[in-house]
Every structure is written in C-alpha cells, then in structure tokens.
Protein chains: 2
Amino acid sequence: MLLKASISTHLADLFSALSDPTRLRIISVLLEGEMNVGEIATQLVMTESAVSHQLRGLRQMKLVRARKAGRQVYYSLDDDHVEKLYRMGLEHVEHG
Amino acid sequence: MLLKASISTHLADLFSALSDPTRLRIISVLLEGEMNVGEIATQLVMTESAVSHQLRGLRQMKLVRARKAGRQVYYSLDDDHVEKLYRMGLEHVEHG
DNA sequence: TGAATACTTGAGCAAGTATTCATATATCTA
DNA sequence: TAGATATATGAATACTTGCTCAAGTATTCA
C-alpha cells in the first residue's frame, strides 16, 4: 500500500542517516564499543571537526548516544535497529 | 572493525537509494506487484517525468526492473534485500 | 502517414549536504 | 589562574540532488 507522505519522510530520514560513507564508518567502529571523538577521528583519518559534525547528525537522529567523561565525549550506538540495518545492507553489498 | 572506504561508499549508495520519500513511496506501491509509470505517477500524484527520473536511479542501483509492454513500461522490485531493508526501517519508524 | 500516447532525457534551478577553517566552550593541569 | 587539551559550532564553499520544463524517442491507432 502507498506509504503515507509523512511516514515516507521519516523513513527517508532514517536511511539518510546511513547514506554517507563517513557516518557508516563511524557506525562500523562503534559496533565494537564506545569510543571518543579523537579516537574515532584517528581511526577514520579525518579531522575531529568533520567527525564531530557527523556525530551531531547521528545524535539528532538518536542513532548514537554521548557520554561525557572529563573533556572526552564517548559515543556509542543507541539503537539496535541500526546495527541490523547496517549488517543487512552490508550483506547485500558484499555478496548481493 | 573499521569499514573499508570503498565498501562504505557502496553501502552508502545503497542506503542513498532508500533515502528519499518519493523513492520509498515508489517502492511501497511496487511491493504489491508491477506497475507502469503512469499508474505510479497517478498514485503518488506526481508528474511522470519526476517519477521517471527516480525510477532511473532505482534502475541503476538494480533495485527495480523494467519490462516494456507496448508503450507502457512496467516496473517491479528487483531485489528482496530491498524489501527487507524497507520493512525493517518501517518497523523502526512506526514503533521505535 | 500523422496524431496521440507513454515514457525518457537533458538543462537549469533551488535546496540540501559534507567538509574546512576559525572560533567558542568546557575541562584538566602546572 | 594561565595554558593546554577535547570537543562543538557557525560560516563559507564545493558538491549533490530532486524537481520542472521542454524536447526527444518509441509505439499504437485512425
């Protein structure tokens, strides 16, 4: 049945959150556990600013959660649907 | 483990295909079976041109398949991973 | 053959996005 | 308290995207 316009935009927002290589790479490292911004930036070989901007989007979409510890901020995945979508997409890409 | 850059872009492309309300609405009607461009456009209340442009993207991503019959072109879903991703995303949006 | 129908395509524009750079805020340490 | 560290944020820029409009191709039918 035709998806209602309002639901279609929410669903599009969810997939949009997963539609960028940088965000997917952030998710891939957070699958192993929480990590702070500097560590993520080091792993991805990107500036902390760029990573921070992307984390903001993921935070707003409630896909990651932030935990502040001193001056570090540790991020972790805040949604197991995301992990499922990520893994299912990856499966499709790797042997689809 | 950190997702390789090349795979991350492929995965992002897949999710990008699902990251637009119009494309999701097209997918939602094609879940019920094949449909031609004019019928899709009527259901979505959009121009055939706009729908055709989106179908092109979905075709290039191999998410839909086209069957020509006379001057009509019938589209159908070409990938059951897509249906799974769609349904899982929808579940998340509807009661997440 | 000529007109109508069904769809596709390219150009152009408005709106959105990801990154960089500079700056701001918060926290720790000497 | 001053300076260093960790992160966040705003503005600017380059790039991408979705639609419209006009024109093009293919097919049917009178």
Side-chain angles (χ1 to χ4, degrees), chain A residues 3 5-6 8-30 34-76 78, chain B residues 3 5-6 8-30 34-76 78:
Chain A
L3 197 58
S6 64
S8 75
T9 63
H10 286 135
L11 188 50
D13 287 344
L14 172 63
F15 287 121
S16 292
L18 300 171
S19 71
D20 175 76
T22 297
R23 286 193 295 274
L24 288 168
R25 281 156 63 79
I26 289 174
I27 289 170
S28 75
V29 302
L30 292 184
E34 68 174 11
M35 193 176 285
N36 68 42
V37 179
E39 290 168 341
I40 297 172
T42 300
Q43 287 240 17
L44 305 208
V45 194
M46 291 183 66
T47 65
E48 296 189 358
S49 178
V51 168
S52 184
H53 275 295
Q54 294 299 213
L55 284 168
R56 186 194 202 193
L58 290 168
R59 223 164 52 223
Q60 284 172 345
M61 282 297 298
K62 307 254 196 230
L63 302 190
V64 302
R65 175 177 37 218
R67 175 178 74 81
K68 196 161 182 182
R71 37 192 160 170
Q72 270 83 256
V73 178
Y74 286 87
Y75 281 88
S76 55
D78 190 20
Chain B
L3 197 57
S6 64
S8 75
T9 63
H10 286 136
L11 189 50
D13 287 343
L14 171 63
F15 286 121
S16 292
L18 300 172
S19 72
D20 174 74
T22 298
R23 286 192 295 274
L24 289 168
R25 280 155 67 78
I26 290 174
I27 289 170
S28 75
V29 302
L30 293 184
E34 68 174 11
M35 192 176 287
N36 67 44
V37 179
E39 290 168 341
I40 297 171
T42 300
Q43 286 238 19
L44 303 209
V45 194
M46 291 184 67
T47 65
E48 296 188 356
S49 177
V51 168
S52 184
H53 274 296
Q54 294 299 210
L55 284 169
R56 186 192 202 195
L58 290 169
R59 226 166 48 223
Q60 283 172 345
M61 281 300 296
K62 306 253 198 233
L63 302 189
V64 302
R65 173 178 36 217
R67 174 178 74 82
K68 197 162 182 182
R71 33 189 165 179
Q72 269 83 258
V73 178
Y74 286 87
Y75 281 87
S76 55
D78 189 21

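Numbers restart at 1 for each chain; the letters A, B, ... are given by sequence-line order, proteins then strands. The analysis underlying the following values was restricted to heavy atoms, covering all of them including side chains, and did not include hydrogens, waters or symmetry mates.
Rounded to a whole Å, the CZ atom of B:R67 is 16 Å from the P atom of C:dA6. Atom CE in B:M61 sits roughly 15 Å away from atom C1' in D:dT17 (whole-Å rounding). Straight-line distance from the CG atom of B:L55 to the C1' atom of C:dT9: 13 Å, rounded to whole Å. Computed from coordinates, the B:R59 CZ to C:dT9 C1' distance equals 10 Å when rounded to whole Å. Rounded to an integer number of Å, the gap from B:Q60 CD to C:dT8 P is 12 Å. One interatomic measurement links the two molecules: CD of A:Q72 to P of C:dT29, which rounds to 10 Å at whole-angstrom precision.
Residue B:R71 has no polar side-chain atom (N or O) positioned under 4.0 Å from OP1 or OP2 of C:dA3. Residue B:R56 places no side-chain N or O under 4.0 Å from the OP1 or OP2 atom of C:dT8. B:R25 has no side-chain polar atom (N or O) that falls below the 4.0 Å cut-off from OP1 or OP2 of D:dG18. Not one side-chain nitrogen or oxygen of B:N36 sits closer than 4.0 Å to the OP1 or OP2 atom of C:dA6.
The partner of C:dG12 is D:dC19, judged by Watson-Crick or G-U wobble contacts that both fall below 3.5 Å. When both pairing distances are held under 3.5 Å, D:dA30 makes a Watson-Crick or G-U pair with C:dT1. Base pairing of D:dT13: its partner is C:dA18, meeting the Watson-Crick or G-U wobble criterion (both donor-acceptor distances under 3.5 Å).
Using a 4.0 Å heavy-atom cutoff across all strands shown, B:Y75 reaches sugar-phosphate atoms only and no base atom. Using a 4.0 Å heavy-atom criterion, one finds that B:E48 contacts the bases of the nucleic acid, with or without backbone contacts as well.
Looking at every heavy atom in both residues, A:A66 comes nearest to A:V73 through CB-CG1, 3.8 Å. Nearest heavy atom pair, residue B:V51 against residue B:A41, reads CG2-CA, 3.8 Å.
Interatomic distance, OG of A:S28 versus CG of A:L44, reported as 7.0 Å (0.5 Å rounding).
No side-chain donor-acceptor contact under 3.5 Å links A:R65 to the backbone of A:D78. For B:S19 (side chain) and B:S16 (main-chain N/O), a donor-acceptor pair under 3.5 Å exists by modelled atom type. Checking side-chain atoms of A:R67 against main-chain N and O of A:Y74 turns up no donor-acceptor pair under 3.5 Å.
Here the side chains of A:I40 and A:L30 are in contact, with some heavy-atom distance below 4.5 Å.
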Under 4.0 Å protein heavy-atom contact, by nucleotide of nucleotides 16-25 of chain C - B base, S sugar-phosphate only: --SBBBB---
